[in-house]
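Throughout, protein chains are lettered first and strands after them, A, B, ... in sequence-line order, and every chain is numbered starting at 1.
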Protein chains: 2
Amino acid sequence: MAKKNLIVGQSGGPTAVINSSLYGVVSEGIRQEEIGHVYGMVNGIEGFLKGTVLDFEEALPGEKLEYLTYTPGAYLGSCRYKLPQSLEDPVYPELFRRFEEMNIGWFFYIGGNDSMDTVSKLSRYATMIGSDIRIIGEPKTIDNDLVHTDHTPGFGSAARYVASTVREITLDASVYEKKSVTIVEIMGRHAGWLTAAGALARKYTGDNPLLIYLPETAFDTEKFLTKVSSAFEKNCNVVVCVSEGIHDAKGTFICEYDNSVGTDTFGHKMLAGCGKYLENLVRGRLGVKARSIELNVSQRCSASLLSDTDRQEAVTAGIFGVQAALKGETGKMVSFIRQETPDGVYQMKCGLEDVNQICNEEKTVPLSWITEDGSDVTEDFIRYARPLIQGNVALPMGEDGLPVCVYRK
Amino acid sequence: MAKKNLIVGQSGGPTAVINSSLYGVVSEGIRQEEIGHVYGMVNGIEGFLKGTVLDFEEALPGEKLEYLTYTPGAYLGSCRYKLPQSLEDPVYPELFRRFEEMNIGWFFYIGGNDSMDTVSKLSRYATMIGSDIRIIGEPKTIDNDLVHTDHTPGFGSAARYVASTVREITLDASVYEKKSVTIVEIMGRHAGWLTAAGALARKYTGDNPLLIYLPETAFDTEKFLTKVSSAFEKNCNVVVCVSEGIHDAKGTFICEYDNSVGTDTFGHKMLAGCGKYLENLVRGRLGVKARSIELNVSQRCSASLLSDTDRQEAVTAGIFGVQAALKGETGKMVSFIRQETPDGVYQMKCGLEDVNQICNEEKTVPLSWITEDGSDVTEDFIRYARPLIQGNVALPMGEDGLPVCVYRK
């Protein structure tokens, strides 16, 4: 009987290490005798339904495969396709017919909340029809908002990017002696993990960023202006980190004060511009030089500040998932469990969590890690996040002077 | 008689290597027997007038000095103070009184056009009063717009940042199969050098960025929309690089179509948002997903993509300037002269140019390096710029997980 094959897909927004998770799954899949071909679905479930599939041993033969761990973005492409709520929908038998056609035994999906929803639905459908395909979710999100895991692959590198960039912005903002306010707008709709990483930029107590605002607490523009005014006592150049999702006590997003916003495919509010709004507010009300900087997609797709811890953990999670699936696990997401050596050194081990407990939930920054006035994070956050941004990756360089990446062409 | 002392200042916006030029000047100043103390003026000429000066052997003793070459931003702080046009102004005798008080024999100023204007005025005043202080300009600008030099320190690293970031943005933009347009707005008011560096991001013919618009030619929104529509034939995800200073045939900035702008201290127009304008235009007129990304200050202050060529050339320029001043040169700017080995390998040597010929001039991208339709650059530009972005710098890492920098505190 022919060996069963493995298939893996990526979904949702890219990160700096989603391809490292992919490398973990694929390299372990190729290594395991029990597994036949290792396939990738191009553009997630949506692409798979159109039949766009590649074989990794043809697409990235030999050592090329490892270059995945230096390549940001999603090598396989992504989708934002949400499977129908009802398992009676004809898309489910269609998907499993295709799985059978390709002799799939193991299915991996790398992504965030919405991708875990896909894993949940497919594994429940498999149970319903008595399919023995093993279905495993690999976590990925710069937002770090998945529950039942200490953190998620992608967060460490994004946090390192934010910390380093905020430090560089601070250096840039500090060259003139004149009062200035720099607002740095950071990704994160409902969870402030990445914005909080701005605190890792500080070199000494009282260093910039002097103010940090997360979406976990209500934002008050008047209190904010008072805080900025007091901050000038510490430094004539004030750097402020704000989450794109900050909102007032009524729940109105600050960006909605000024801007029109739309909604994306999942009905999420599309935010833009709370930084710009606050820049104008500061300039108008305080009469000081103000500018705003949106860190934008580089937060999730820059490899230049890859955290080696993050990269290695992503690979480990991929390998662990394949091994778990071979042991018969299904309907699970690989999770991270933090451990410390007796002398306090950070260590991580993998676990498995019921994917149904994870999808469509959101983990936010604990309120006890935010200062009472909502304008900073505490040492608890620093202790939590610092180990995750450790380790520099020496990116392989091409003749063109830029880091080497691999692409589907 | 006590040895004469050297003083150095930085002015204008920071770059990734302005501190490398500083390192060149300071290390050579300390090395030369003939020179007494090596002083830095904090916040340029403006700070100097207030008496804020440091001694480098106290501020950055021993090996700490070399960390300057890894630190972006301006270590000494900067200013945008313009010396009065009339050499009869009382500020000139005041400055030279202070120079005499500090027993200054050599004065170095690191900056762009406006800083060279300072060097020009001070050296002309020195001639006028018969002072023997040697006054030398060290070039610096990410804009690469200084005349009489092949290129300027700061450009190579900024170009490498732009090229690498545009490539990463392309990877990020390519994960979905749905038509999309990503507008990347790049610094450069009147000179498109840095925007042109987006072309260095291409991995193969026909790769993104598919369109590049510089301020050297007139921009036409209708032709732009037609170009974007045709670009979809090559790639469903179109990345466009635009200079912040693109303008129409009448000279109106595209950002003024939609936004209010102010002016800075030097009377330069402050631009913001042509990317946002084009994003909305594309979405509205072509009905496709569109987003815009302003690369913002990271272009000039990020060390993570430092070009080692740029860094080493900046140091060399600093050293060369000190040696020239010791030989009696004054009123000059250090320039770069490109040379090629017989087998076409890039080499650079330093020269000296009359600073009066440089200040207040602006070097733009030759029209012959821009395609006829104004939507791309030619191979000439690639050949010119590629050597300047070569060489990766292994930044020293701190225990906090981030690159080590030195700061004044």
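Only the side chain of B:Thr165 comes within less than 4.5 Å of a heavy atom of chain A; its backbone N, CA, C and O stay farther away. The contact between B:Leu305 and chain A is made entirely by side chain atoms (from C-beta outward), counting heavy-atom distances below 4.5 Å. Only the side chain of B:Arg386 comes within contact range of chain A, with at least one heavy atom under 4.5 Å from a heavy atom of that chain. Of the two parts of A:Ala394, neither the backbone nor the side chain holds a non-hydrogen atom closer than 4.5 Å to a non-hydrogen atom of chain B. With a 4.5 angstrom heavy-atom cutoff, B:Ser11 does not touch chain A via any of its atoms. Contacts between A:Ser292 and chain B at a heavy-atom distance below 4.5 Å involve the backbone alone (N, CA, C, O). Looking at B:Thr182, there are no atoms closer than 4.5 Å to chain A (heavy atoms on both sides), in backbone or side chain. When heavy atoms are compared at a cutoff of 4.5 Å, B:Asn296 approaches chain A solely by way of its side chain, counted from C-beta outward. Within the 4.5 angstrom heavy-atom criterion, no atom of B:Leu295 approaches chain A. For a residue to count as touching a neighbouring chain, one of its non-hydrogen atoms must lie under 4.5 Å from one of that chain's; by this rule A:Thr170 does not touch chain B.
A pairwise comparison of heavy atoms in A:Ile169 and B:Cys301 identifies N-SG, 4.3 Å as the closest pair. The two residues B:Leu402 and A:Ile389 come nearest to each other via the heavy atoms CD2-CD1, 4.0 Å. The two residues B:Glu168 and A:Ala303 make their nearest non-hydrogen contact at OE2-N, 2.8 Å. Of all the heavy atoms in A:Gly13 and B:Tyr176, the pair that sits closest is N-OH, 3.5 Å. Residues A:Glu399 and B:Gln390 come closest through the heavy atom pair O-NE2, 3.2 Å. Residue B:Ala74 comes nearest to A:Val175 through the heavy atom pair N-CG1, 3.5 Å, listed as atom of the first residue, atom of the second, then distance.
Per-residue counts of heavy-atom pairs under 4.5 Å with chain A were compared for B:Met397, B:Lys289, B:Lys203; the largest is that of B:Lys203. Ranked by heavy-atom pairs under 4.5 Å with chain A, the list B:Gly73, B:Ser304, B:Gly391 is led by B:Ser304.
With respect to the salt-bridge test (charged N to carboxylate O, under 4.0 angstrom), the residues A:Arg167 and B:Asp400 qualify.
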B:Arg80/A:Lys178 under side-chain contact (heavy atoms from CB on, under 4.5 Å): CA gap, chis, key distance, verdict: CA-CA 10 Å; B:Arg80 287 200 181 275; A:Lys178 215 173 137 188; over 6 Å; no

From CA spacing to verdict: side-chain contact (heavy atoms from CB on, under 4.5 Å), B:Asn392, A:Leu395: CA-CA 9 Å; B:Asn392 200 50; A:Leu395 296 175; 5.8 Å; no

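Here the OG-OH distance, from B:Ser302 to A:Tyr161, works out to 7.0 Å after rounding to the nearest 0.5 Å. Note that OG of B:Ser298 and CD1 of A:Ile293 are 6.5 Å apart. Values are rounded to the nearest 0.5 Å. Separation of atoms CG (B:Leu171) and OH (A:Tyr75) is listed at 12.0 Å; rounding is to 0.5 Å.
By the neighbour-count criterion of 12 heavy atoms within 6.0 Å, atom OH of A:Tyr67 is sparsely surrounded, having that number or fewer from other residues, nucleotides or ligands.
Between A:Glu46 and B:Glu177 there is no side-chain heavy-atom pair separated by less than 4.5 Å.
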